[in-house]
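To start, the structure itself, in structure tokens.
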Amino acid sequence: WKHIDGSVERHKDREKRKEEKVQRTRSLIKLHFNTLSKCTCSHLLIFYRSEYKIKRIKVESVKKGIKRKQKEEYDEGEDKHKKKCKDKKTGDIAGKKKVKKEPEEKWKWWEEERYTDGSKWRFLEHKGPVFAPAYEPLPEHVHFYYEGKMSNLSPPAEEVATFFSKMLDHEYTTKDIFRKNFFKDWRKEMTSEEKSKITDLKKCDFSEMSQYFKAQSEARKQMTKEEKLKIKEENERILEEYGFCVMDNHKERIGNFRIEPPGLFRGRGDHPKMGMLKRRIRPEDVIINCSKDSKHPKPPPGTRWKEVRHDNKVTWLASWTENIQGSIKYIMLNPSSRIKGEKDWQKYETARRLKKCVDHIRAQYRDDWKSKEMRIRQRAVALYFIDKLALRAGNEKEEGETADTVGCCSLRVEHIKLYPELDGQDFVVEFDFLGKDSIRYYNKIPVEKRVFKNLQLFLENKQAEDDLFDRLNTSILNKHLQELMDGLTAKVFRTYNASITLQQQLKVLTSPDENVPAKVLSYNRANRAVAILCNHQRAPPKTFEKSMQSLQSKIDAKKQQLFAAKKELKVAKSESKSLHDEKSRKVVETKRKAVQRIEEQLMKLEVQATDREENKQIALGTSKLNYLDPRISVAWCKKWSIPVEKIYNKTQREKFAWAIDMADEDFEF
DNA sequence: CGCCACACTTAGCAGCGCTTGA
DNA sequence: TCAAGCGCTGCTAAGTGTGGCG
């Protein structure tokens, strides 16, 4: 796919583009100079940043010349070396050597060649995961009571009891399934004596334990600055030691280097396994993955790893099997890493390829609505939903193992309602089902007559709990998509539709003469359109009403202030008219400025209020992070001279460093 | 073809620390 | 300077999709 995204060409005229970039930055700074009087503090900061950047670019381009030469020599050497390695089937020795030469500046992996043989790395070294701290038994004075009588628990039983006591305030400790599952698993940890005594959860009193933990967390909050700093430093030390690995010559940040601590499982939605005990993971459960010639991570003293393997066809550093669902958990790299970034980039390139053939695919599935074969009609209607409504594919799930949620292919009869006519619209389909994370999808949309007739056909002679698409599943659908385009799967439609919507909405919503905050609001609105499409919801923040009210009162106060200021201006004006002296003219001028300033502040507040209100139940983060080609946003920022910091925070900028570096203002998704 | 194991992406939420504004 | 509230970050659950096997 190197050719598909044109990275070969990109490489050639990189120098030219770099020069252009410098020019752009220069003109940007000029622009900032011109508007300096209007600048707020944050603008100034950004201005300084851009100036800093320009200096760096200059120095770097001088350095680059030398560096490139060195790199070419190195690459040549490495090529030879690689061949040798392949012959002997040894690992990557060169990788180890170059680590020390790690350059100060950020590594631009996107300017390098990718592996084409399916391997993910040549060299991988890390320190292994960090385990959850051992259980600390409760102090003597904290008791557990059964039937009102004080009783001490054995440490294993006590530990599980503490998990429950920490959750007492949560609603789910009142749920039957939760309590049942918890009690069953708790009893497994008890001694036979405890088991025979403790037979009813209702007779258990955890309140003293609960109080103790509340006091503990209160004490943590009350800690002095020094104590807090000490903890912070210790965390930083652990991060420095365990939070990074070396992968192919580069130090990379690990995403989750801590093993999940034991606790009570809380699934989302109506989960049949809620309350079950999530076991403590020991070194003996953990498989380590690293390269043969690396310094292998050491298991904690007196323990051993389950296995140490050297599989460079996968990206994980460590894995273990979790006991609730029996699924495998992994330790992997941070999104800013090469291995994640390349994949992310590739995802958007696939979506861009879909853009080129989507018209054809749409024509095709519309045609298939008329097919003689039921399975083809079902496939075509499902695909239409996935395309139009950005539904997820909908794999089958094991019944009783997870919450009852569905996606497109697993929709059941009970999840849709057909209305030949509704609110003046023809052929309306009403969707109402729980999707991923048990988030409700509710939508009423008019569809084409043919789709409607097909749906009626699919529903014939079926019960509520029967599958809507009984001749279809995700693997059939994806196999079909694979034939239409290389690399095409159901989820590519979500990516494609999200990104194209953002691009198109940005075009519609951005008005050139608006100021920066107004443009950012437009961006958020475009982002919101995507979030609505993808049904990314959130619980309204607990303090929403309150904070909205306080914002409103601020606005009201501002309005009052504006009114007063205008009045003062009027008075000053009339005074100045009659007096005709320099002093009164100056007063008018200052009053005028005050009015202007207050007007600006008011507008800013109003923009903020609108933005927040519209965002009440919609989460923008997920689409920004997973569905929107970052190059669209970066291009938009460059086009309108919006600092990219307004759109992406630090973490996001790290994840999208590739896009920030490579996208020009004329990037087209 | 169906099933399962596995790898990897996508998802919402809680808690905490930093920013903001009085 | 300090409290309030907001945004960030980490956490981990819950999806998607592939490939191998019988």
Side-chain angles (χ1 to χ4, degrees), chain A residues 41-42 120 132 170 217 220-221 228 231-232 235 239 243 254-261 263 265-269 271 273-274 278 287 289 311 313-316 319 321-322 324-330 332-335 339-340 343-344 346-347 386 392-398 401-403 405-410 434-439 473-479 481-482 487-492 494-495 498 531 534-539 541-544 546-548 550-551 554 557 601 605 608 612 615 617-627 648-652 654:
Chain A
C41 278
S42 58
K120 306 291 168 70
H170 275 106
S217 84
R220 228 171 300 131
K221 270 182 218 153
K228 278 186 182 165
I231 291 170
K232 204 176 161 190
N235 277 333
L239 173 71
I254 299 170
N256 56 327
F257 55 90
R258 285 172 202 275
I259 284 190
E260 296 168 18
F265 176 80
R266 172 59 197 164
R268 318 236 167 100
H271 203 294
K273 299 199 167 184
M274 64 167 85
K278 198 167 92 171
I287 303 173
N289 193 29
D311 182 358
K313 297 280 189 286
V314 297
T315 65
W316 51 270
S319 74
T321 304
E322 151 267 359
I324 303 285
Q325 329 257 7
S327 63
I328 309 166
K329 300 261 183 164
Y330 301 94
M332 289 185 188
L333 297 193
N334 186 274
I339 214 146
K340 293 284 182 191
K343 200 77 189 294
D344 205 35
Q346 200 177 129
K347 174 181 77 187
I386 285 172
R392 293 188 188 82
N395 283 312
E396 300 100 300
K397 324 196 326 179
E398 227 171 312
E401 293 290 298
T402 56
T405 61
V406 295
C408 185
C409 294
S410 50
L434 297 182
K436 183 178 181 180
D437 293 312
S438 293
I439 297 289
N473 62 38
T474 51
S475 84
I476 295 171
L477 180 66
N478 281 334
K479 231 166 246 155
L481 293 175
Q482 194 60 243
L488 185 62
T489 61
K491 84 188 188 91
V492 178
R494 245 167 108 80
T495 314
C534 294
N535 200 37
H536 290 140
Q537 298 189 28
R538 61 168 186 170
K542 281 183 197 101
T543 52
F544 185 84
K546 214 178 114 198
S547 77
M548 209 60 208
S550 73
L551 192 58
K554 256 187 216 167
Q601 286 169 339
L605 282 173
Q608 206 185 341
R612 201 185 291 175
N615 239 7
Q617 296 198 55
I618 299 162
L620 299 187
T622 309
S623 49
K624 207 187 232 183
L625 228 49
N626 299 306
Y627 288 104
Y648 290 137
N649 68 32
K650 188 165 148 282
T651 330
Q652 292 163 341
E654 274 164 16

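Here is the naming used below: chain letters follow the sequence lines, and residue numbers restart at 1 for every chain.
Put simply, Lys278(A) has a side-chain N or O that comes within less than 4.0 Å of OP1 or OP2 on dA13(C). Look at Tyr627(A) and you'll find a side-chain N or O under 4.0 angstrom from OP1 or OP2 of dA11(B). Not one side-chain nitrogen or oxygen of His536(A) sits closer than 4.0 Å to the OP1 or OP2 atom of dT10(B). For dT9(B), the OP1/OP2 oxygens have no side-chain nitrogen or oxygen of Arg392(A) closer than 4.0 Å. For dG17(C), one of the phosphate oxygens OP1 or OP2 lies less than 4.0 angstrom from a side-chain nitrogen or oxygen of Thr489(A). The shortest distance between the side-chain N/O atoms of Thr622(A) and the OP1/OP2 oxygens of dG12(B) is below 4.0 Å. Neither OP1 nor OP2 of dG17(B) sits under 4.0 Å from any side-chain N or O of Lys221(A). The phosphate of dG17(C) (OP1 or OP2) has no side-chain N or O of Ser475(A) nearer than 4.0 angstrom. Contact check, Thr405(A) against dG15(C): a side-chain N or O comes under 4.0 Å of OP1 or OP2. Side-chain N/O atoms of Lys232(A) include one lying less than 4.0 angstrom from OP1 or OP2 on dC18(B). Side-chain nitrogen and oxygen atoms of Arg494(A) include none within less than 4.0 Å of the OP1 or OP2 phosphate oxygen of dG17(C). Distances shorter than 4.0 Å separate some side-chain N or O of Gln325(A) from OP1 or OP2 on dA14(C). Side-chain N/O atoms of Lys436(A) include none lying less than 4.0 angstrom from OP1 or OP2 on dT10(B). Here Asn649(A) reaches the OP1 or OP2 of dC8(C): one of its side-chain N or O atoms lies under 4.0 Å away.
Mapped onto DNA chain B by nearest heavy atom, Val314(A) and Glu396(A) fall at different nucleotides, with Glu396(A) at the one closer to the 5' end. Annotation: of the two residues near DNA chain B, Asn473(A) and Cys534(A), the 5′-most nearest-nucleotide partner is Asn473(A).
Here the closest heavy-atom approach between residue Leu333(A) and residue Lys340(A) is recorded as O-CE, 3.6 Å.
Expressed to the nearest 0.5 Å, how far CH2 of Trp316(A) lies from CG of Asn289(A) amounts to 4.5 Å. Annotation: the span from Ile618(A) atom CD1 to His536(A) atom NE2 amounts to 11.5 Å, rounded to 0.5 Å. If you take CG on Asn626(A) and NZ on Lys347(A), they are separated by 5.5 Å, rounding to the nearest 0.5 Å.
Between the P atom of dT10(B) and the NZ atom of Lys624(A) lies a distance of 17 Å, rounded to the nearest Å. Atom CG of Leu434(A) is separated from atom C1' of dA13(C) by 16 Å (rounded to the nearest Å). The separation between Asn395(A) atom CG and dC8(B) atom P is 17 Å, rounded to whole Å. To the nearest angstrom, P of dT18(C) lies 19 Å from NZ of Lys313(A). Taking atom NZ of Lys491(A) as the reference point, atom P of dT18(C) lies 10 Å away to the nearest angstrom. What separates CG of Asp437(A) from P of dG15(C) is a distance of 6 Å, to the nearest Å. Between the CG atom of Leu488(A) and the P atom of dT18(C) there is a distance of 10 Å, rounded to whole Å.
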